[in-house]
Each structure stands twice: as C-alpha cells, then as structure tokens.
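Scroll down for the structure; my scribbles are underneath it.
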Amino acid sequence: MTNFLRNGSLFAFVLAALLTLWAASSAFAVEPIKIARDDVALDLSGAVEIYRNQGENFQVSTAPGPDGIVRRIEVEANDARSTGDWAVFALANTTDQQLDRLIVAPHFRLVNSGIFWPDLGSTRIAAITPSEGFALDRQTSPDADVFRVTLNPGTVITFIAELASPKLPQVYLWDPESYKDSVNSYTLFRGIVIGIAGLLALFLTILFVVKGTSMFPATAALAWAVLAYICVDFGFLNKVIEISPGNEQMWRAGTEVALAGTFVVFLFAYLNLNRWHGHFSYGALVWILGLVLIAGVAIVDPAVAAGIARLSFAATALTGLGLIIFLGIRGYDRAIMLVPSWVMVLLWLCGSWMAITGMLDNDIAQPALGGGLILIILLIGFTVMQHAFAGGALHQGLFSDLERQALAVAGSGDTVWDWDVLRDRVVTKPDVSIQLGLAPNSLGGAARNWLPVLHADDRDTFRTTLDVVLEHRRGRVSQNFRLRGADGHYHWFSLRARPVIGEVIRCVGTMVDVTEQKKSEERLLHDAVHDNLTGLPNRELLMNRLEAIISIARTEEKVRPTVFVIDIDRFKQVNDGLGISAGDTILLTIARRLHRLLKPKDSLSRFAGDQFALMLLSEQDPARIAAVADAIKHAINNPITFAKREIVLTASIGLITWNSPQMSAEDMVKDAELAMHQAKRFGGDRIEPFRPAFRTVGTDRLQFESDLRRAIERREFTLAYQPIVRLEDGSVAGFEALLRWDHPRRGMIPPADFIPVAESCGLIVQLGLFAMQQAAEDLASWQKQIGDAPLSVSVNLSSRQLIRRDLVSDVRSVIARANLKPRCFRLELTESLVMDNPEQTAHVLTKLKQLGIGLSLDDFGTGYSSLAYLTRFPFDTIKIDKSFVDDNTPKRAVLLKSMVNMAHELGLSVVAEGISDESDALELRQMGCEYVQSFMFGAPMPGDQVLKTLKEQYPLTQA
C-alpha cells in the first residue's frame, strides 16, 4: 500500500511537470495570421519568429488549432544550404473556402540593405515544412524563393522555414494571380527602363565617336555603368549570361563599384579639373585606382566592396556640389550648366540613403531609384549635347518646316491620328488603345474598328463624317467623340485632321484627350442650373421643366401639373441663433425630407434661401393633391435634432393647379407665390390654395404705402401713452409712447399693420423721428404744468433708426428743442434688434448713454442673446416679457425671481409687462420688481388724458 502511494505521488509529479511544460509551450506558441479571401498581399515580416543557431534538428510549439490545442513538432534540416537558423510563422484560413497562396521571400531588397557591409541578396529559404499536410512546392523564380501553399477552410497551420542565409529581409503572402500581375507589371517597367538606358548608352557612345573630347567617353562610360547596374538590379543579366547561384552578390558589388568609379571620371572630365589645379588630377587618379582595387575585393568580399562603393558615390556627389558652387561663383559655364543634373543627383542620393537605411520602406522604392538613374543620365546627356552641338545648325535654329511641325506635335504631347483613306487603315501614335486600357493596336486597321468602342450617340456622326470624306475625296475631319475604356468609362477626344494633299488619299491630324475639359463643362452646366447647397434644380431649371410640361398639358388631358411654393417661417431666427452653418444643415435636412415625398414624375427645386418649390405630376385628384400638401407640411413640422436640441419649424405653403391653356409657367409660379405670401399674412404654418382675389393684395399694399406717405404729410399720426407704474406705491413713474394712425377711411389702424410696411418702404425713420419729437414735447409740456415731477417717457427704436449715423444727433436735437432733461427721455430696444449687429449696437448705445438718456431692453428673454451681452450694453432697465408672467408652470416663480435678482446684481431696474392679476403684482413686488406696465394698471391714453391723470397724482405741485 505504501509503495502504491509512493508510485501515485510520482505519477502526480510527472503529470504536473507535463502540464507545466504544456502550459509553457502554449504561452510561447506562435500567433497565427488570419487570412481573408480578399487579401491580395500580406507582409509577414513582422509576424515571423527567427530562431538562431538551432542546429539540424529544431523543435517548436505550433499555433493553437481550431480546437485550441498547442502541439509540439520537430523538424530536421534536409537541405545542404541550411544555416542552422529557422523561421516560424502560422497562417489561419478564416473563410469557408480553400485558399491558394504563395509564400515569397525576395532574394535582394535595396530597402534596409545597409551602407556598411550591405546585404547584397541571396537565397533566403531552403525549404518550408508545414505542421500538417504535405511539404510546400517550390515555384521557379530567379528573384525570390516562392512556395505554393494550400489552406483548407478553417485550418490553422504552422510553417517552419529552413533558412539558407542568416537574414530574411521580407516575407510576403501573395494571391497567385495578383503576384503574377505584379511580376508582369514590374517586368514591363524594368524592360522600358532597360531599353531607355541602352538607347542612352548607345547614343552617348555615338556622340563620343562624333565628338572625341574626353567629356563624351566619360559620359558614355557612366551611361554603360548605369545600364550594367540596372541590368543586375532588375535581374536582366541572368537572362543574358548564366550566373551561378551565390555569384549574384559579386556582380552586384562589381556594378556598384563601376558606377562609383565612372561617376568620379565623369565629374573630373566634365569639369575639366586638370585646368584648374594639378592636385585635382592626382586626387582623382588615386580615387579611381582605389576603386579599381575595391573591384578586386568584390570577388572575395562583395559586401565590403559594395559598402565602399556606396560611400564613394556619396562622397563624389558632395565633392561635386562643392566644386560646382566654387567654380560657378567664378563664372565657369560648365559648372553652371551642371546645376540641374547635380540637383537631381543629390535628390537621388537622398532617396537612396533613405531606402538603404530603411526610412523609405516601400516596394516601389528600388525600381523608382533605378528609373531615377535614367533621369540623371538624361539630364547629363542633355547637358553634354549642349556642348556637342554648340555653334552648329541646331544652335542656330535652322529647321525645316516639317521638322518644326514634327517637333511641335511631339512637344505638345498630342496623339497623331493617321488615316490612309485608300486602304482604310487608321494608325495612332502613341497607340490610343493602350491609353484606354485596351489590347495594343486594337483600334488600328479599318476605321470600322472604332465603332464598337464609340459612344452610341457619337457613332452615326463619326461614320457619316468618314463616309463623306470617302465619297467626295475632300473635306476635313473635326469632331469630338467619346471612346469607351477597358474599365467601362468613356474618355472624350477632340479629333482635328485634314488632307495631306489636294485629293484626299490620306488624312493626318491630332487627337487630344479632352475628358477633364468636358467634365469641367458638365460641372459648370450642372452648377448653373442647380443649387450649390442642396444640389436641387434652381428656379430657372424648374421653370424650364414646367414650361415643357405645360406644352404637353395643352394637348394631353391627363397631364395637369400642380406647383407648390414652400417658405420656412421665421427661418432668419434660426440663422441668427444657431449660425449660418447650422441653418444650412437644417435646409439640407428639409430638402432630403421633401425629396422622399417625390415620385418619378415630380420635381423639387430650391428657389432661394429658405424657399422651395415642388412641381407635382404624379397626382391629379384634388384630394390626393391635398394629401401631398399635408405630407409636405408634416415633413417640415417634424422636429429636427441639432446639437442636442430639437428644432421645430413651420412652413407657409401656396399651391396652384394648371387649369387654363393660357396659363404659362411664369404665371403659375407667381400665383403660387401669392398664395404662399397670403399664408404668411395669416400667421404662417398653413396651406393656402391660390384664389384670384390674392392678386389684389399687392395692389392694396401699394395703396396702403401711398396712404402712409400722405398720412405723414397730413399729420394723421398721434401718440398714445401707456403708464409705467411703481409697484411700491402705485404712482406713475413714466409712460411708453405708442404710435397710432387714424386713417380717414379705415379708421384706427394698429401699429402691427403699418409698422412693417413703414419699415419695408423706408418711412419708419420719419415716423420714429416724429414719435421722439412729439413724446419729448408732450413730456416737457406736462412738466411745465405740474412742476418738475420725476417722470420719463420711453420711445421704441426701429432697426433702420439704429443703423443710421444721424441717430445720436437726432436724439440730442430732440432733447434740446423740447428743453427736456436727458434723464427724462428713454429709448427702448428689443432683444432681437440688439443682436442683429451686436458690435454696431454697442457703439451706438454707448454714444446715446453719453447724452444722459435712459436705455431699456424690451422683450427680455425672448431672443437669442447671451447673458454676457448685458454687461456690454449700457442698459439701465430691462422689461420682462409678458410670456414669462403668463407662464403657468411650477418653475415660473423661480425664473422670474432669477431674472429680477440678476438685473439687480447688474445694477438694472426691472419693468414687468402684461400683469393681469393682483396676486401677480404682489408676488413681483415681493421679488423686488420696481415697475409694472399693463392694461390692469393703465391702458394707453391720449396726451390730454395723461395730463389729467398727472394733475390728480401731483395736486400739491400744481397748487
């Protein structure tokens, strides 16, 4: 029994050890990379774990599988190139499909290759072993180690890579087709660059043969060195000569040494340094011999040779910069002409330094730097050509007419369109098919080959133009048309061609891609007839559409358009309170809501600011039209949430249905607008169908304005005075002067009817001046009869008066004429009037306060002003609006008390308006409110009745 317990303890110990080992291996298990079906290329470099000096046998924990179990596997090296270093990574197929991918490890990457002892490339991966399934197939590739892997749905596979070199710069996971396309793209680019480099080298060699000075062979040698470097860098040399594996580094280092050496030779030869000082020659000779010796080192240690060559190239560039500056200051023309080329060299050097140090980490950096070398040789070749042909025919500009035309076409970058009429063969140079993404030369041959790719609207015109040329053997081609690209989009082209000789046997001209110009024209046309904010048609476009519909309605009985004109009520308050940008956002919301109500035949337009128009064609029944009008009204009435606030808007809607053949689009819109204005006159938030009587409203307004002008001349206006009473003892503290108009025919007209008309026609200034003068004179007259009583009179100020420059002088003149003390005269301004232009208002009110008059803020709390403005404006009294006194909510008392206390803290007196109950008066008095103004304490009265009231209040003074 004791032995059994001992054996059991041993078993438990072993089990615990195994569990600990399993937990440790799970903790260090590799994290799998999840692959989706749409992943084209994934950089696995950051997810690969490298294990150094592990020998021929290597054990590692796998990534947790779908069941969450971490396993331990052992791999044995089978390749002679194995270095004992291993790389581990895991892939997880998260899709429900089988995925085929390529694991790609490039042999050479200029990026992050290093300056000293650079990595010149080699075979990176000898073999890859998966944790499950078969070994990966290596794909043939001269530039990278490529392995094909198949991932079953939902599997997690750990891969152990047997490294063939100590470094693994980068590992990609590619989609096979995408990798093939990428290789093909780079192959095309490399082929073009190599071709240009070869042509440059050949051309500069020919130039050297023609002009035998030392500058030209040095330039040609530099061009051949660049060609050799690009051939090795782009892997082209492997296709010309057979390079055994492992020798790529030697060739790469050799070309870098050649590039550095020829660069020194070119700089010395071009600047002709031996003419300046003999030490330049010695220095250059030693430099070049040193690079020759380094070329021998490349056979033994390519990395050392390449590192020295790179440092040499950088030193040559910097030395050249110093020499160019030094010689350029002395006026040496060759140094000055070399400045553009050397700027390009320095930029290329900076880009190369950023790439080899890893600061510029991009796959296109290496081919881009190869292309940059070609640009440098192009600039250097151009500079050398200037010397080669100096004084020759080219310098003197002796070109033939054909040469000038050819150079002009080449310089313009246009496509040459050549049509052999007799053979019906069209050729474009450069090939326009490639520009469209089509197969090369697919638009060559017969002109009919163009018809399938032409836009359907342009085919007949194009065919007719060419047929006319073929039949009549004369004429010229001048046409704009669209060609469909491989991506399905159309490109605009402008074709201009003319006969080469009298009888048309050949037409030659140019094709210009004018797609951007056409798009700009379309945008301008769209913007001309559409609203910039909402994108809706503007007034002109809606009128055009409505006119077209009316033309159809005159012959079709079923077509009866209805026009709605919609105006948002009091939208100016939204802009004033929330800002223009908020107003624009709300207009966009309203436009989207209205647009949802449209059916295919209907049209919505924005006429102006907050005014929309809707042309309804989808409904003809009056009941259905009324339902649409209600839907419009409800769409606008629905609350709009902005900045955590709910904004409820209303609209005035006017509508009219076409019912007369003589009615034009202009007439319909005008009548709908008249109906909308009538809805506004009735208070807004209503739908008003047009009635012929509305047309007389405008005439009545004109007559009203005319009567208003004559009333000022005939002095039909009078003032009524409403008392402002002290709550403490019920005595009269002052009066508010109110304008009254006793019309000879219409009788007494209230201010709410004639004040807006006076403001719109500009008569409010005269009325305001009359009110101030009359009120001041009446108060002065009362004070003479009752003594110098502490009374004041208040006059309301309009917006037009406030912005007048003469307001201060007018008030000063009024007080002086009436011989009135300034403290007895007051002006009242509403809160919304003050906030129309706060800066201007503050300036004017300060000057008015300096006169000694009183200033009252009327309708306090009903506008959008900030409380901070109370400290900026020199008011001495605030008037609490009637709406706060009439409020029946429990918070009414708190709000009123807060307003009174705040006013007193700011040194302001308080007048409460609209009190209709004794209990309210008592409550306000207890809160500290000093004054009250309401019908309960006194209705507006004429001047003689005011005098009678004052005599009753001040009998002792009168005696």
Side-chain angles (χ1 to χ4, degrees), residues 720-738 751-752 775 779 789-797 823-835 853-871 873-941 945-946 949-950 952-954:
Y721 299 93
Q722 185 173 22
I724 299 175
V725 178
R726 296 183 182 89
L727 276 175
E728 183 180 3
D729 55 5
S731 62
V732 177
F735 297 91
E736 180 181 356
L738 303 173
L779 180 59
L791 293 174
S792 65
V793 65
S794 301
V795 180
N796 290 289
L797 202 64
R823 59 181 173 80
C824 298
F825 188 79
R826 307 186 63 84
L827 290 177
E828 291 191 7
L829 294 84
T830 62
E831 191 172 0
S832 57
L833 174 61
V834 169
M835 294 312 301
I853 69 171
L855 295 174
S856 299
L857 180 61
D858 199 5
D859 299 339
F860 178 72
T862 60
Y864 294 94
S865 66
S866 168
L867 294 177
Y869 279 104
L870 286 177
T871 62
F873 299 124
F875 291 110
D876 50 44
T877 303
I878 64 170
K879 301 183 76 172
I880 298 177
D881 189 71
K882 180 178 182 294
S883 59
F884 294 100
V885 179
D886 293 341
D887 188 7
N888 295 323
T889 62
K891 297 181 180 179
R892 164 184 174 273
V894 176
L895 185 59
L896 287 173
K897 188 173 183 180
S898 299
M899 295 170 73
V900 172
N901 291 338
M902 179 192 66
H904 290 166
E905 290 292 334
L906 296 175
L908 308 176
S909 58
V910 181
V911 179
E913 294 183 306
I915 295 177
S916 57
D917 194 333
E918 288 288 349
S919 60
D920 291 341
L922 179 60
E923 183 180 9
L924 283 167
R925 179 182 176 184
Q926 293 173 350
M927 291 179 184
C929 179
E930 296 96 331
Y931 305 102
V932 65
Q933 177 182 347
S934 68
F935 280 84
M936 188 182 81
F937 288 89
M941 61 187 77
Q945 189 175 344
V946 170
T949 302
L950 291 176
E952 293 175 356
Q953 180 172 330
Y954 299 100

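Rounding to the nearest 0.5 Å places NE2 of H904 at 7.0 Å from SG of C929. Considering CZ of F875 and CZ of F860, their distance stands at 10.5 Å, rounded to 0.5 Å. Within the model, atoms OG of S792 and CD1 of I853 stand 11.5 Å from one another, a figure rounded to the nearest 0.5 Å. Atom CD of Q722 sits about 5.5 Å away from atom CZ of F935, to the nearest 0.5 Å. Distance check: D886 CG to S916 OG gives 6.0 Å after rounding to the nearest 0.5 Å.
A donor-acceptor contact closer than 3.5 angstrom links the side chains of R826 and S856.
Inter-residue side-chain proximity for V793 and Y721 is flagged as met; some heavy-atom pair is nearer than 4.5 Å. Two residues are said to be in side-chain contact when any heavy atoms from C-beta on lie closer than 4.5 Å; Y931 and S909 meet this criterion. Side-chain contact between D858 and N796 is present, with at least one heavy-atom pair separated by less than 4.5 Å. The side-chain heavy atoms of E736 and E828, taken from C-beta on, include a pair separated by under 4.5 Å.
Shown here for V900 and M927, the closest heavy-atom pair between the two residues is CG1-O, 3.5 Å. Counting all heavy atoms, side chain and backbone alike, L779 lies closest to C824 at CD2-O, 3.5 Å. In plain terms, the two heavy atoms of A775 and A737 that are nearest each other are CB-CB, 4.0 Å. The minimum heavy-atom distance linking I724 with S794 is given by the pair CD1-OG, 4.3 Å. Of all the heavy atoms in D917 and M936, the pair that sits closest is N-SD, 3.6 Å. Closest approach of V946 to F735, counting heavy atoms only: CG1-CZ, 3.4 Å.
Remark: K879 engages E913 in a salt bridge, criterion side-chain N to carboxylate O under 4.0 Å. Taking a cutoff of 4.0 Å between a charged side-chain nitrogen and a carboxylate oxygen, K897 and E923 do not qualify as a salt bridge.
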Query raised in the report: Taking it one step at a time, do V911 and I878 satisfy side-chain contact (heavy atoms from CB on, under 4.5 Å)?
Result: CA-CA 6 Å; V911 179; I878 64 170; over 6 Å; no

Query raised in the report: Given the rule in the side-chain contact (heavy atoms from CB on, under 4.5 Å) test, do L950 and L791 qualify, once you have shown the distances and angles that lead to the verdict?
Result: CA-CA 10 Å; L950 291 176; L791 293 174; 3.6 Å; yes

Report task. Determine, stepwise, if the pair L924 / V932 fulfils side-chain contact (heavy atoms from CB on, under 4.5 Å). Result -> CA-CA 9 Å; L924 283 167; V932 65; 5.6 Å; no

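A side-chain contact (heavy atoms from CB on, under 4.5 Å) with I915 is found for exactly one of D920, V725, I880, namely D920.
Within a 6.0 Å sphere centred on CD of E952, heavy atoms belonging to other residues, nucleotides or ligands number more than 12.
Legend: residues meeting ring-ring contact (aromatic ring centres under 6.0 Å, His included) with F825, ordered by chain and number and at least two apart, are absent. With sequence neighbours left out, S731 forms a side chain to side chain donor-acceptor pair (under 3.5 Å) with R726, D729.
Counting only distance, with no hydrogens or angles, the side chain of D876 and the backbone of L855 share a donor-acceptor pair below 3.5 Å.
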